[in-house]
Amino acid sequence: MKPQESTKRSQDEIHDTATPQQQEPTHDEPASKRQRFDESAETQNGTTKKSPVDRVKGVAPIKAEYLIVAPGQSAKVAVPDVIDDDEAEGRGTIEHQQQGDSRDAGKGGKRKKKTGQNKERTFGTFSDAQRLCNSVAWTPEFSPRSCKFGERCNGLHDIRKYLKEGRRADLETFGGKCPTLEKFGKCPSGWRCLFVSSHSKEVEHEDGRKELVLTDKDGNTYPDDGDTGDANTEVVNNVEGQIKIDLSRKRVQFEKSDKYLKWLEKDTQIFRDHHHKQKDGGAEALDYRAMYVEPPFKPSEKKRLYFGRETPALAPLTTQGNLPFRRLCVDLGCELTYSEMAMGMPLLQGAKSDWTLMRAHKSETTPPRFNGDGPVAQGYDHSKDLKFGAQIAANVPWVAIKSTEALARFLPHLRLIDLNCGCPIDMLYKSGAGSALLDAPSKLERMIRGMNAVSDDVPITAKIRMGVRDDKFTAQKNIERLALGSEEHRDILGAPGCAAVTLHGRTRQQRYTRAANWEYIAETAAMIKRLNEKTDSLTDTIREVDERTLPNGGRMFFIGNGDCYSHIDYFDHVDNAKVDTVMIGRGAIIKPWIYEEIQTGQYLDKSATERLGYIEKFARYGMEAWGSDELGINYTRRFLLEFLSFFSRYVPIGLLEYLPPSINERPPAYKGRNELETLLASKDYKDWIKISEMFLGPAPATFSFTPKHKSNSYEIEAEG
Ligand SMILES: Cc1cc2nc3c(=O)[nH]c(=O)nc-3n(C[C@H](O)[C@H](O)[C@H](O)COP(=O)(O)O)c2cc1C
């Protein structure tokens, strides 16, 4: 049986048998405990079971009682527009600045011109009305540090004035108690914290003077020297400011890359000459082997990787895959995480915004689950493995190679470095990066080979699409090349060193108009299996091959990606398409508990209250990562709204007529089982702001938000 046939059949079996129970959730206990949608469950509460062919393509099958229709009218469901999620994959300069650099905004830094995909998206400004000078921001009132700007400083130095006029009043959410203080014992935002009254007091000295001081969780004054210490000890991969300055001033030496690139330039020239002569068909064609020069050094031995049935992954997600969101997913059972895509060039220029993307939460530094269900490479050390990997994009080999050396050198917590070869957005594509690499196989091989040469023990992986155009799938050819190397190179240089490939089952051209092509992914998995066997036999014949330099001892892992929206999809892909694991993108943003469903092997009908609990968690994690001052809180708000733009797409399974739910189906207008559920389904960003205010207090008047997706609306036609 062809793999896809088995995939399809199992889906159909599920359509035939699965019918959600129709209990109204009470809020006494978590819905996840109450309801289990058993695939063999029979129709309940008198709902007539329809065959799957009754499903309207692209439309979520909402039970009639939840549809919003005028009294006495029946609902005719219009097929809603497809949401183009490729739009969301982009990252423009402004977005970029917001996340990292804008902490510096207002410090005299020049604002960059708005360019890029998201140039029309701005988020307003959110800073205090008057800036508090850093020299007093964490100190007791009478012991300021010296201000390096002296008379010229335009920040406030009077804490009382700042508290009264420089900022808005404390927030009342979280019972007025600073969530960061509760967590870490002290608050890194100091006087700027919007919950500062919960960690400050006025003390009276013997001479009668009254002084404002900051306090820790136990009410003790701290710190006398104005040093808050690094209160948040849970964030790793913080790269020292000096390193970024050195990078920006080109003071960092890339010895390995420089040597390698010199060799690469020579080798590329020899290879080109050989290639052109060969094309001309002359008998005097240069023999590349005879001209070939050994690279200056061999790649270092790499850490072995493992991807298995028990390690569902979170996809790299620009904007959405931020640290607080990844942390939430890890809490819920996600085993492998990726940074948002960082750009190679800005990394080399020391840009804060891109280095910030490499920060990870300590929960991402623990080993992923490991049952050894999948094939385990010899030498895999589970105790040293971790969840977090970095993703970069680059358009030319030298940028990919140097930025890899920088990441491997400056980041202590990296599972792997993944090269983005799938990003569809014009800005990257036209520069030759992202999915453009799929049509430049020779360049792609040089990039991966070079990255592997300079990455020390950090494995290199690639994430690709099926191809650029719909009429030409190039993924399999590219994978073959990544596994073995070009014909000319493979038997003298060995394999390029790509430890794993992730395939998103779409082309660049396709956007999100059709479902991901799991048939092609399954075919590719079978091809990789054959390649791994071939690598094994090549290893025996390659001249002087250093076994230690082969990633995973010569085994390339294969991760499938596209449209995974439930444990049913997940296990179907692992068992039938035979991928090592599945990477989940939108499914995780829409329902982060998909990982819990995979772990428990059952549908979880989360109540609205439970879902609100995840929003609260995100808000807490956001404040911990970005601060509880005006800037940090509104960063958190902005990224929470980005999260809600997907989270609101979730249709509670208790409202569905049939299972499994599909990520490609959109609901007609519906109401939830209670007001909160209805609110959480709203596509109006003003409602998202309302939800954010439950935890982050009122949004400042200057705050604005434009959803990435132009339209989230859907229609319903009422017929009399
Ligand atoms: C909001 C958003 C941001 C994305 N950002 C990236 C990215 O930075 N790097 C990348 O390789 N893919 C990115 N992708 C693509 C996803 O990683 C994934 O390949 C795609 O969403 C298909 O998986 P899914 O069907 O599970 O969502 C992004 C997708 C979305 C929706």
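These numbers were taken from a predicted model, which means no experiment stands behind them. Just so you know, ligand 1 is whichever comes first in the structure, and atom 1 is the first atom listed for that ligand. Any value given below was found using the heavy atoms of this structure, including those in side chains, with hydrogens, waters and symmetry copies removed.
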Check your understanding: Taking distance alone, with no angle check, do Thr318 and ligand 1 share an N/O pair under 3.5 Å?
Key -> yes
Review point. So, is Asp563 polar-close to ligand 1, with some N/O to N/O distance under 3.5 Å?
Key: yes
Practice item. Could you say whether the N/O atoms of Met583 and ligand 1 ever approach to under 3.5 Å? Key: no
Review point. Could you go step by step and tell me if Tyr621 and Trp626 meet the ring pair (Phe, Tyr, Trp, His ring centres under 6.0 Å) rule?
Key: CA-CA 8 Å; Tyr621 291 175; Trp626 296 313; over 10 Å; no
Point to revise | Any N/O pair Ile584/ligand 1 closer than 3.5 Å | key: no
Check your understanding: Have Arg359 and Asn238 got a donor and an acceptor in their side chains that come within less than 3.5 Å?
Key -> yes
Check your understanding: Do NZ/NE/NH1/NH2 and the carboxylate oxygens of Arg415 and Glu364 come within less than 4.0 Å?
Key -> no
Practice item. Is it possible for you to check whether Arg326 lies under 6.0 Å from the centre of the six-membered ring of Phe388, through NZ or CZ, and within 45° of that ring's axis? Key: no
**Study point:** Any Cys423 heavy atom less than 4.0 Å to ligand 1
**Key:** no
Practice item. Using the ring of Phe618 (Phe, Tyr or Trp, six-membered ring only), decide whether Arg620 places NZ or CZ under 6.0 Å from its centre and within 45 degrees of its axis. Key: no
Review point. For ligand 1, which atoms have a heavy atom of Asn420 less than 4.0 angstrom away?
Key: 9 (N), 10 (C), 11 (O)
Practice item. Would you mind listing which atoms of ligand 1 come within a distance below 4.0 Å of any non-hydrogen atom of Lys463? Key: 10 (C), 11 (O), 12 (N), 15 (C), 16 (C), 17 (O), 18 (C), 19 (O)
Check your understanding: Looking at Gln320, which atoms of ligand 1 are within less than 4.0 Å of one of its heavy atoms?
Key -> 1 (C)
Review point. Counting heavy atoms only, which part of His504 comes closer than 4.0 Å to ligand 1: side chain, backbone, both or neither?
Key: side chain
Point to revise | Numbered atoms of ligand 1 (with element) below 4.0 Å of Ala315, judged on heavy atoms | key: 17 (O)
Exercise for review: Mark up the atoms of ligand 1 that fall under 4.0 Å of a heavy atom belonging to Met341, in ascending order.
Suggested key: 8 (O)
Review point. What part of Glu340, side chain, backbone, both or neither, has a heavy atom within less than 4.0 angstrom of ligand 1?
Key: neither
Exercise for review: If the plane angle is over 60° it's perpendicular, under 30° parallel, otherwise tilted; pick one for Phe643 and Phe647.
Suggested key: tilted
Exercise for review: Could you check Phe473 against Tyr520 for ring pair (Phe, Tyr, Trp, His ring centres under 6.0 Å), going step by step and ending with a plain yes or no?
Suggested key: CA-CA 9 Å; Phe473 296 169; Tyr520 184 78; 4.9 Å; yes
Exercise for review: Answer yes or no: is there an ion pair linking Asp563 with Arg586, defined by an N-O contact shorter than 4.0 Å?
Suggested key: yes
